[in-house]
Amino acid sequence: MSETQFKFDKAIWKTVSSIKRGGVMSYGQVARIAGYPRHARMVSKAMSRSAEPLPWYRVVKSDRTLAFEVGSTAYHKQKNLLEKEGVQFIGGKVVPVDSDEGKDLDELLWGPPE
DNA sequence: CCCTTGACTATCT
DNA sequence: GAGATAGCCAAGG
């Protein structure tokens, strides 16, 4: 494994680990904060390569939907882990815990706007 | 070196 | 607002 790649991985891991419990971050955001703009696609690889357990499930797509195919095993696994941390799912999109307080009660009761 | 792939993103129809 | 299109960039065949 090259030196530059190790540096990249480390930066990604550090950034992912910094995501607060109950919060989420997009791939592009993680890449940017780690110091590697436009490397969104590489973030997934870096996480897969991680030896240490990482809160990979706190990383979602830019539109706040999960990156996996809906209905897939991985999709449900990630959804479970997030919900266990208090993250809600509305209309297939995640809603971080700190965001639901400002949310309209209507939407929570009536469900997702289709 | 060319081509394909992918846990992505932004923009246009 | 969903689907198509075009960028993006490292890896691997």
Side-chain angles (χ1 to χ4, degrees):
Chain A
M1 177 185 290
S2 73
E3 193 64 30
T4 56
Q5 173 156 84
F6 182 68
K7 249 171 66 177
F8 173 77
D9 285 0
K10 219 171 145 188
I12 296 301
W13 299 341
K14 183 176 175 182
T15 305
V16 172
S17 302
S18 76
I19 305 176
K20 293 198 204 74
R21 181 190 149 87
V24 295
M25 209 180 270
S26 77
Y27 289 84
Q29 206 172 6
V30 169
R32 193 177 62 242
I33 292 177
Y36 297 84
R38 294 186 289 295
H39 283 58
R41 306 187 93 122
M42 307 292 98
V43 173
S44 58
K45 289 176 182 265
M47 289 193 294
S48 299
R49 282 193 297 264
S50 172
E52 304 286 321
L54 228 54
W56 55 271
Y57 51 85
R58 294 184 188 153
V59 183
V60 300
K61 296 204 289 189
S62 61
D63 60 1
R64 285 197 265 153
T65 60
L66 304 191
F68 297 107
E69 184 187 357
V70 178
S72 66
T73 309
Y75 180 93
H76 289 300
K77 183 191 281 186
Q78 182 172 12
K79 187 168 185 279
N80 277 340
L81 288 165
L82 286 173
E83 287 177 332
K84 194 176 298 187
E85 299 200 343
V87 177
Q88 303 177 52
F89 282 75
I90 295 180
K93 299 184 183 200
V94 306
V95 181
V97 284
D98 32 281
S99 298
D100 73 324
E101 299 188 65
K103 175 166 295 309
D104 285 335
L105 185 58
D106 287 1
E107 195 172 319
L108 291 173
L109 295 178
W110 282 93
E114 295 286 331

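Throughout, protein chains are lettered first and strands after them, A, B, ... in sequence-line order, and every chain is numbered starting at 1. Since the model is a prediction, treat every value here as computed from it, not as a measurement.
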Which value, in whole Å, describes the distance between the P atoms of nucleotides B:dA7 and C:dG7?
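It comes out at 22 Å once rounded to the nearest Å.
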
Say we look at C:dG13 and B:dC1: how far apart would their C1' atoms be, to the nearest angstrom?
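One C1' to the other, the span is 12 Å.
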
Quickly, which of A:Val94, A:Val95, A:Val60 forms a side chain to side chain contact (heavy atoms under 4.5 Å, CB included) with A:Val87? Name it, please.
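The single option meeting the side chain to side chain contact (heavy atoms under 4.5 Å, CB included) with A:Val87 is A:Val94.
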
For the side chain of [X], counting heavy atoms from C-beta on, which of [options] is nearest?
X	options	answer
A:Lys61	B:dT9, B:dG6, B:dA7	B:dT9
A:Ser62	B:dT9, B:dA7, C:dC9	B:dT9
A:Ala40	B:dT9, C:dA10, C:dC8	B:dT9

Over all atoms of both residues, closest heavy-atom pair of A:Ser18 and A:Thr15
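Reported closest heavy-atom pair: OG-O, 2.5 Å.
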
For [N], take OP1 and OP2 only and decide whether either is under 4.0 Å from a side-chain N or O of [X].
X	N	value
A:Ser26	B:dT9	yes
A:Arg38	C:dC9	yes
A:His39	C:dA10	yes

For A:Gln29 and A:Val24, indicate whether the former's side chain and the latter's backbone hold a donor-acceptor pair under 3.5 Å.
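Such a contact is absent between A:Gln29 side chain and A:Val24 backbone.
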
Could you tell me whether the side chain of A:Trp56 and the main chain of A:Ser44 form a donor-acceptor pair under 3.5 Å?
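No, the answer is negative, given that no donor and acceptor are paired below the 3.5 Å cut-off.
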
Side chains of A:Lys79 and A:Phe89 in contact at under 4.5 Å (non-hydrogen atoms)
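A:Lys79 vs A:Phe89: side chains touch.
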
In whole Å, I'd like the distance from the [atom1] atom of [X] to the [atom2] atom of [N].
X	N	atom1	atom2	result
A:Gln29	B:dT9	CD	P	10 Å
A:Phe68	B:dC8	CZ	P	9 Å
A:Phe8	C:dA10	CZ	P	9 Å
A:Asp63	C:dA2	CG	P	10 Å
A:Ile33	B:dC8	CD1	C1'	16 Å
A:Ile12	C:dA10	CD1	C1'	12 Å
A:Arg64	B:dC8	CZ	P	18 Å
A:Trp56	B:dA7	CH2	C1'	9 Å

Parallel, tilted or perpendicular: ring planes of A:Phe8 versus A:His39, cut at 30 and 60 degrees:
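Geometry flag for A:His39 against A:Phe8: tilted rings.
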
Which residue pairs pass the salt bridge (Lys or Arg N to Asp or Glu O under 4.0 Å) test with at least one member in residues 46-61 of chain A, sequence neighbours excluded?
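For residues 46-61 of chain A, and leaving out neighbouring residues, the salt bridge (Lys or Arg N to Asp or Glu O under 4.0 Å) pairs sorted by first residue read A:Asp9-A:Arg49, A:Arg58-A:Glu85.
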
Filtered N/O pairs between nucleotides 11-13 of chain C and protein, under 3.5 Å:
from   : atom 1 : to     : atom 2 : distance (Å)
C:dA11 : OP1    : A:Gln5 : NE2    : 2.0

